[in-house]
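Below, each value reflects all heavy atoms present in this structure, side chains not excepted, and no hydrogens, waters or symmetry copies. Everything numeric in this text was worked out from a predicted model, so none of it was measured.
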Amino acid sequence: NSRWYSPETGIYHSKHPSVNLPTYPFLDVVSHIFSKPHNGVSALIDSTSGHTIPYSDLYPLVKSMASGLHQMGISQGDVVLILLPNSVYFPVIVFGVLYLGAVLTTMNPLSTLPEIKKQTLDSNATLAFTLPDCLGKFHQLGIRAIAVPETGGFDLKPMGVPDFDKLIGERNPISVPRPVIRQEDTAAIMYSSGTTGTCKGVVLTHRNLISMIELFVRFEASQYGYSSEENVHLVVMPMFHIYGLSHSVLGLLSLGSTVVVMRKFDADEMVKAIGRYRVTHFTAVPPLLVALTAKAKSVEGTVWKSLKQVCCGAAPVTRKSIEDFVQTLPHVDFIQGYGMTESTAVGSRGFNTEKCRKHFSMGLMAPNMEARVVDWVTGSFLPPGRSGELWLRGPAVMKGYLNNPEATAITIDEHGWLRTGDIVYFDEEGYLHILDRLKEIIKYKGFQIAPAELEAVLVTHPDILDAAVTSAKDEEAGEVPMAFVLKRQGSLLSEAAVKDYVAMQVAPYKKVRKVVFTHSIPRSAAGKILRRELRGLISRI
Ligand code: 4UU
């Protein structure tokens, strides 16, 4: 292993050959793909309605979008929020915003008003794309918003939602002056709580996006014998999350692949879509993998024949789920992918060969990326086979947290190493394995939940003196937030009342699912919640 692991420096290099990254701007990376003749290949298909945007229409639509935004006064550096579920329009908005050199920020469409307020203020978003029934929220916040219709086919004809039509339906958009966009300019501000605390803006540059496309998506495609333009990906993963945004929106469309978009997950619709569009690739999170396996067991026939690869990521998946899937659909190449918001989703991806099938590992590090495995007590660098915290370095690592030099300094050291907060080891063949998490985040079906955010909500309740939140294992969701609550003496507060109180203020996926009343919250002398002790408490319940 001397080539990929250096004992002197403790650095793990990627086992893949390195890739030359383009030095020209991000948009040039995608525009030459968009403008080449695609011979009728579909870029985006709505899984339910069948509505299709062919590649030949994609770039004109992106330019219309850019032109419309420009006419609304959006220019380079302005921040635009997308608060939408998946749709075929989502990528058009993304590329339209980036075309102008404007900055993208995304959010779960089920976010509450206080959550939206927090992120729009923090990111300084001045325009939002949202569903028609969310317009009121932006009105209250005094932020301009454009309603995007959820359903229906969009064929450059009016759809009854004036603003969106005007934006995107312009047949002869005025040409927009192309700004000079440098690779180090900000392209997106994504939100993540990182290793500690509440959500912070992750500043991703155009170079980060280019790295993600080239090192992760295009590189992987180049490893397979077939053309990526023949691939049909079913995308249920939310496009507002880094995994969906990077891989499925920016990555796959830059490759010329077909993206079948599911607006909302439904197991029967999923099977229908796989059959109808001859889906070759499916990107999953653990609960989706379980749902797919269940359907593959119950639905016989040729529907599964087209499937070539299924990738699972964003949260720990059980060995049983993997074994179950691999036994049920043995012809499908199963891999896991690992990444995080702070590394533009780049990390490692599974890589199976005839000789080597490692379904339980996260695969090999992406090209051009380096890793270290660090003993978090002594700080020493660990060789293959030993577990410690994963550090990452390379062109996909974020610029830093927005307006937060302290958090940035805690997360990225002066040599550019990003602390992932994940406990991992590399095996003797250089494959990455995840064991546990050092950081606080809870992963509910792959979505991040920051315990600190829920704790802040809990202690605003007049009967709650102190609270601490940690993750509890859950069969369906993987992990769910569990609250330890110290209530005021004599208070009659019930578990249900605590759950309801939080549920009213946060997006549904963040709800506290379990409540335990306790007499004290384990804290360090400095007042920091001792989360490992909390987890220990769970095992005793
Ligand atoms: C166990 O979840 C993500 C990104 C996921 C991703 C990206 C590219 C998956 C596959 C892929 O190819 O980002 P965040 O920021 O929401 O969460 C990051 C954290 C990681 O630090 C780790 O703790 O999510 C966890 N995680 C995983 N855990 C990510 N992938 C995995 C995984 N198994 N496969």
Side-chain angles (χ1 to χ4, degrees), residues 190-200 202 241-243 285-287 312-319 321-322 336-343 345-348 360-363 365 371-377 379 382 386-392 397-398 401 407 410-412 417-427 431-455 468-484 509-510 512-514 522 524 528-539:
M190 305 297 284
Y191 280 76
S192 164
S193 61
T195 50
T196 184
T198 53
C199 269
K200 294 171 278 289
V202 172
H241 182 252
I242 191 72
Y243 189 8
V285 289
C312 187
V317 60
T318 62
R319 281 182 96 90
S321 303
I322 297 172
Q336 290 192 66
Y338 164 83
M340 58 193 289
T341 311
E342 285 82 348
S343 65
V346 177
S348 66
F360 304 120
S361 93
M362 307 291 127
M365 289 291 301
R372 259 178 183 160
V373 177
V374 185
D375 182 317
W376 63 90
V377 179
L382 303 171
R386 300 273 308 277
S387 64
E389 184 184 9
L390 175 69
W391 290 7
L392 287 177
V397 171
M398 66 168 177
Y401 291 116
I410 292 171
T411 310
I412 304 180
W417 289 102
L418 169 74
R419 296 189 165 91
T420 67
D422 290 309
I423 304 176
V424 308
Y425 72 93
F426 284 92
D427 66 23
Y431 284 70
L432 179 67
H433 298 257
I434 295 204
L435 297 176
D436 200 355
R437 216 179 286 136
L438 206 54
K439 59 189 170 189
E440 298 166 1
I441 56 160
I442 300 163
K443 278 261 154 163
Y444 177 86
K445 299 187 176 174
F447 293 122
Q448 279 197 20
I449 305 173
E453 189 188 329
L454 297 178
E455 286 154 4
V469 173
T470 187
S471 65
K473 292 260 173 284
D474 180 80
E475 180 89 33
E476 198 215 333
E479 295 162 26
V480 293
M482 171 167 181
F484 289 84
Y509 71 95
K510 294 184 197 162
V512 166
R513 313 265 165 177
K514 290 182 182 157
S524 71
K528 241 182 131 216
I529 294 170
L530 298 169
R531 291 179 193 280
R532 302 220 135 221
E533 281 192 27
L534 274 183
R535 288 213 220 166
L537 282 178
I538 294 186
S539 60

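Distance alone, capped at 3.5 Å, places no donor-acceptor pair between the Arg372 side chain and the Glu389 backbone. In terms of modelled atom types and a separation under 3.5 Å, the side chain of Thr341 and the main chain of Ile242 share no donor-acceptor contact. Panel note: side chain Ser343, backbone Gly339; no donor-acceptor pair is recorded below 3.5 Å. Although no hydrogens or angles enter the test, the distance criterion places a donor-acceptor pair under 3.5 Å between the side chain of Thr420 and the main chain of Leu390. Counting only distance, with no hydrogens or angles, the side chain of Glu479 and the backbone of Lys443 share a donor-acceptor pair below 3.5 Å.
Two residues are said to be in side-chain contact when any heavy atoms from C-beta on lie closer than 4.5 Å; Phe447 and Lys510 fail this criterion. A heavy-atom distance below 4.5 Å is not found between the side chains of Pro481 and Pro451.
Atom-to-atom distance recorded for Met362:CE and Asp422:CG is 9.5 Å, nearest 0.5 angstrom. In this structure, CH2 in Trp417 is found 12.5 Å from CD1 in Ile412, a value given to the nearest 0.5 Å. The line from OG of Ser471 to CE of Met482 is 10.0 Å long, rounded to the nearest 0.5 Å. Summarising the geometry, atom OG belonging to Ser387 is positioned 5.5 Å from atom CG belonging to Leu435; distances are rounded to the nearest 0.5 Å. Here the straight-line distance linking atom CG of Leu382 with atom OH of Tyr425 works out to 14.0 Å at 0.5 Å rounding.
Defined by atom type and a distance below 3.5 Å, a donor-acceptor pair is missing between the side-chain atoms of Thr198 and Glu453. Donor-acceptor pairing under 3.5 Å is recorded for the side chains of Gln448 and Ser192.
Shown here are the ring pair (Phe, Tyr, Trp, His ring centres under 6.0 Å) partners of Phe426, two or more places apart in sequence or in another chain: Tyr12.
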(message) Using the rule given for side-chain contact (heavy atoms from CB on, under 4.5 Å), can you reason through Val373 versus Arg386, listing the C-alpha separation, both sets of side-chain angles and the distance that settles it, and then say yes or no?
(response) CA-CA 8 Å; Val373 177; Arg386 300 273 308 277; 5.8 Å; no
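Between Ala314 and Tyr243 the shortest heavy-atom distance is CB-CD2, 4.0 Å.
Salt-bridge annotation for Arg513 and Glu476: absent, with no side-chain N of the basic residue lying under 4.0 Å from a carboxylate O of the acidic one.
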